[in-house]
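Chain A is the first sequence line, chain B the second, and so forth, proteins listed ahead of strands; every chain is numbered from 1. Since the model is a prediction, treat every value here as computed from it, not as a measurement.
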There are 2 protein chains.
Amino acid sequence: MARNKAFEPEEKLKKAKDLFWQKGYSGTTMQDLVDTMGLNRGSIYDTYGDKHSLFLMCLTSYADSTLADFQQAVTETKSPLKAIEKIIKRAVVRTVAEGKTCMGVKSTFELASVDAEVHTILKDNTNGMVAVLKELVKKAQKAGEISAKRDPGVVAAFIVANFTGFWQFYLVYQDAALIQQQADFLIRSIKK
Amino acid sequence: MARNKAFEPEEKLKKAKDLFWQKGYSGTTMQDLVDTMGLNRGSIYDTYGDKHSLFLMCLTSYADSTLADFQQAVTETKSPLKAIEKIIKRAVVRTVAEGKTCMGVKSTFELASVDAEVHTILKDNTNGMVAVLKELVKKAQKAGEISAKRDPGVVAAFIVANFTGFWQFYLVYQDAALIQQQADFLIRSIKK
DNA sequence: CCTATTCTGGAACAAACGTTCTGAAATATT
DNA sequence: AATATTTCAGAACGTTTGTTCCAGAATAGG
């Protein structure tokens, strides 16, 4: 009947995601997307809708992959405390290795208070990360690896909140060693 | 010789600051500023220069006042640990009471990686906040209020970094009690 | 009073923005 | 071969952006 799509929508979406990730939502123009995705204007609108819905797709994709990363750390590691430490370690690596600041955090500060759809995606994502860590904390407490005096939910939220601090400080100081010190301090804090 | 300025430049700057604070740099338009400052276009350009330099003035003003707030907490309180707790408490109040997210943090995520002047202001400001806390931690350690095993600089940075987590979580959950729990956990963490 | 300066509202500008449309080339299916 | 659909390059759209400019009203000092 008709010609097939000549491009991989998911592959192009990844390029769009990287661009939004780097430049933010309002910092990214439609022309940037046309250039970076290597796609025609019309093809973008036909395939993904307008700029805003394209961004939502990118943010959702990002959120899903980071959450999957969390969950993978759980299945990879037997000791719940080690799994927590692995998640923290990965946050450090992501902070200092990738040149870009966590897209979720950036989007939170740029859009969460003015864009309801973005807010929902970010809230769900944060819920997911906290839930994974909460389960790990509970298990670590049962295993005697973490003091049972702490509320698992508070500990979990505390860890996730600290990642945001990592990114802010790395943006300001660009000092990998500093982030590592913060992470060490964080791990020490949750054990007691 | 000539007519005097009919407005208070500082008072109008405060209005501009509040607007940038709420909507971010690129989210604020020149028309918004004209409307909110209650000033003529030309008067704004004559008095403050273009949008970017006006923003720098606002950000500097904000940074100075927050740092002064930190220093005031020091002079108000005798016990260094109590001063630290007061600073943390104020961060919680500012997070949940004011409807707006810390302008410094917002600007960090929006601009720090692409605007060298903004980056400098924010770095100086962060340096200042960390320095105040570092001195307090040192004194608290001498007074036996905080374990002497910790590096004062790391503890100070850890505290400031956690404030960013407060703001992120409040943006996502709008839950004052949650922020209070995080703050309590933070205070507990630095004592040991 | 006169003159210089600053205020005001609003027009004007070029550039950039997101979005839509056109028209031709390409390609799968019938 | 014919047809339907997609891709593409690019023109075109109406807004909105930051910025400049202008004419007139207002007010300080000489």
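In this structure, CG of A:Leu33 is placed 8 Å from P of C:dG18, rounded to the nearest angstrom. The nearest whole Å value for the distance from the CG atom in A:Asn40 to the C1' atom in C:dA25 is 13 Å. One atom, CD1 of B:Ile44, and another, P of D:dT20, lie 13 Å apart when rounded to the nearest Å. Here D:dA4 presents its P atom at 19 Å from CG of A:Asp46, a figure rounded to the nearest Å. The distance from atom NZ of B:Lys51 to atom P of D:dT20 is 14 Å, rounded to the nearest whole Å.
Applying the side-chain hydrogen bond (donor to acceptor under 3.5 Å, both in side chains) test to every pair with at least one member in residues 138-164 of chain B, sequence neighbours left out, gives these pairs: A:Asn162-B:Asn162, A:Gln168-B:Thr164, B:Ser79-B:Glu145. Applying the salt bridge (Lys or Arg N to Asp or Glu O under 4.0 Å) definition to pairs two or more places apart or across chains, none involves residues 158-185 of chain A. Pairs passing the ring pair (Phe, Tyr, Trp, His ring centres under 6.0 Å) check and including a residue from residues 133-154 of chain A, sequence neighbours excluded, do not occur.
In this structure, B:Ser43 reaches the C:dT8 phosphate: one of its side-chain N or O atoms is under 4.0 Å from OP1 or OP2.
Between B:Tyr45 and A:Gly42, it is A:Gly42 whose nearest contact on DNA chain D lies nearer the 5' terminus.
Scanning atom types as modelled, one donor and one acceptor separated by under 3.5 angstrom connect the side chain of B:Arg41 and the base of D:dT19.
B:Asn127 and A:Tyr173 are linked by a side-chain donor-acceptor pair at a separation below 3.5 angstrom, with hydrogens and angles left out of the test. Inspection of the A:Ser61 and A:Asp64 side chains reveals no N or O donor paired with an N or O acceptor under 3.5 Å.
Taking a cutoff of 4.0 Å between a charged side-chain nitrogen and a carboxylate oxygen, B:Arg90 and B:Glu76 qualify as a salt bridge.
Residues from residues 24-32 of chain A that place a heavy atom under 4.0 Å from any atom of DNA chain C, listed by number: A:Thr28, A:Thr29, A:Met30. Within residues 106-114 of chain A, no residue has a heavy atom under 4.0 Å from DNA chain D.
No option in A:Phe163, A:Trp21, A:Tyr62 other than A:Tyr62 meets the side-chain contact (heavy atoms from CB on, under 4.5 Å) test with A:Cys102.
Between B:Phe20 and B:Phe55, the ring planes are perpendicular. Angles over 60° get that label, and only those under 30° would be called parallel.
For A:Thr120, there are no side chain to side chain donor-acceptor pair (under 3.5 Å) partners at least two apart in sequence or on another chain.
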